[in-house]
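All remarks here apply to the structure that follows.
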2 protein chains.
Amino acid sequence: MAAPAELKLREQVVLKLRELILGGELPAGQRVAEIPISEKLGVSRTPVRQALTVLAQEGLLSAAGKRGYVVHAFSAKDIVDAIEVRGILEGAAARLVAEAGPSMELRKALEACIADGEAIAVQDHFGMDDDVRWVEMNGRFHKLIVEASANMALISALALNDKLPFASAEAVLGGGTPSRLIARKHHEVVLRAHAEHQKIVAALCSRQGARAESLMHEHARLAEVNVTLFRSA
Amino acid sequence: MAAPAELKLREQVVLKLRELILGGELPAGQRVAEIPISEKLGVSRTPVRQALTVLAQEGLLSAAGKRGYVVHAFSAKDIVDAIEVRGILEGAAARLVAEAGPSMELRKALEACIADGEAIAVQDHFGMDDDVRWVEMNGRFHKLIVEASANMALISALALNDKLPFASAEAVLGGGTPSRLIARKHHEVVLRAHAEHQKIVAALCSRQGARAESLMHEHARLAEVNVTLFRSA
DNA sequence: AGTCTGATTATTGGATCCAATATTGCATTA
DNA sequence: TAATGCAATATTGGATCCAATAATCAGACT
């Protein structure tokens, strides 16, 4: 393993394998055995074995008959379905937060996200680093709301969902190939997302539970543009 | 391990530990180390270690500082929250099934559940084995609808939720101590649940998505009676 | 030629071993 | 007496070893 970080080896392997799977190496259907992986990563089979069971639990691997795993094949429908589920869950989170009334601290943090978003979205030039800045802010925005729901079951369900390909909030802009055309497309998506963020915060702060829920539910569907983009590529 | 079934040892340990945790041995906060468990179950530390990571992922165990795990302490709120999430997800499943229109096969199976429920619920004497019969049928009923949603992300999210204490469909009647009073209480719950099942099937078959969703959502809340019952005991 | 069967191989799952390290307890000192 | 540092201990995490068994391949038989 390259990074001898503070993480347990098993965790590093999970991260690395997730990366390989979502990144497209290890294509869907690919058999994934312990020995090749452990050799490839330079660790023993023990942490690999544990990582495989974790990834299987997450749904990224599926059991291949009696022996071993294969990379799970996600259809376009699976991805859209996962996005729908994320919309349902984040919508529920938004409703809960709105009904309870967001704390002053939460409002501040959300407003900060909006301000950051404004700086990114409303400008003439929209480049690569704007992408990553927006993805960071967007992740922060969604995380704030989900955590504020203070519903552990909800948070866990979303954590599971985020492991699925294209379903996480960070995936609204897929990590695809950089190009002028993509950048233009991204800018459009970011502009719409930014507008929706503003409306969501407004709904949260005025304690409009149903509105916050439906706005957030619909907001999740922005991630769908990627799927078609990706599948048609 | 007692049961040398066809399951991998690790799976058996997961099952056994889940049982111990949900059953109340291994009380919340209890430190759970590898060696005592492996000795208690008569297996090596290897499958135990794997089981612990699985249970930690499920949320039944939480990391205890730098070393090892403790049994996660669920508050009454956590349980009610988990039930709410189940309501949201099963509600969504019901809506999807209603909108797509249940297949003839599904209708048949659901009607069979209703018939079984009728035989159990509508009778003068309601005993122990009626309990277990009803729990079996109820699990089948819910599983049918969830699977029929054909949304893998939804199914996975519910599978995770079912691991949480009191949140699964099977837990509507807690596995508590048998008594005449409890039996009476159970009969009441079963009668209400049976009536709701009938309405849910009606909504599904007439493709009333919103109605099916809200009925199912509310139906999940039946499980809440247990929480208060349990917590006050 | 196709298929069934037996032997070989590859791979998994569990047990054991070893090193790293967190934790605990005790003793010494301020 | 309380705090701090050191040593002993316990426990974890990873590596390796071994047995069980599924997959594969070759050869023989129909």
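Note on naming: letters A, B, ... go to the chains in the order of the sequence lines (proteins, then strands), and numbering restarts at 1 for each one.
Considering only the side chain of Lys8(A), dG13(D) comes nearest among dG13(D), dG14(C), dA23(D).
Between Gly68(B) and Arg49(A), it is Gly68(B) whose nearest contact on DNA chain D lies nearer the 5' terminus. Toward the 5' end of DNA chain D, the nearer of the two residues Ser44(A) and Arg67(A), judged by each one's closest nucleotide, is Ser44(A).
Regarding contacts with the backbone of dG14(C), a side-chain N or O of Gln50(B) is found under 4.0 angstrom from either OP1 or OP2.
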| Trace of the side chain to side chain contact (heavy atoms under 4.5 Å, CB included) decision for Arg95(A) with His217(A) | CA-CA 10 Å; Arg95(A) 178 171 55 76; His217(A) 191 154; over 6 Å; no
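Comment: Arg133(B) does not engage Asp116(B) in a salt bridge, judged by the lack of any side-chain N to carboxylate O separation of less than 4.0 angstrom.
The distance between atom CD1 of Ile37(B) and atom P of dT12(D), rounded to the nearest whole Å, is 10 Å. Separating the CD atom of Glu34(B) from the C1' atom of dC17(C) is a distance of 14 Å, rounded to the nearest angstrom. In this structure, CG of Leu52(B) is placed 14 Å from P of dT11(D), rounded to the nearest angstrom. Remark: P of dA10(C) and CZ of Arg31(A) are 13 Å apart, rounded to the nearest angstrom. Residue Arg10(B) contributes atom CZ, which lies 13 Å from atom P of dA15(C) at whole-angstrom precision. Between Arg45(B) atom CZ and dT12(D) atom P there is a gap of 7 Å when expressed in whole angstrom units. One interatomic measurement links the two molecules: CD1 of Ile35(A) to C1' of dT16(D), which rounds to 12 Å at whole-angstrom precision. Atom OH in Tyr69(B) sits roughly 11 Å away from atom C1' in dG13(D) (whole-Å rounding).
Atom-to-atom distance recorded for Gln57(A):CD and Leu160(A):CG is 9.0 Å, nearest 0.5 angstrom. The CZ atom of Arg10(A) lies 8.0 Å from the CZ atom of Arg49(B); values are rounded to the nearest 0.5 Å.
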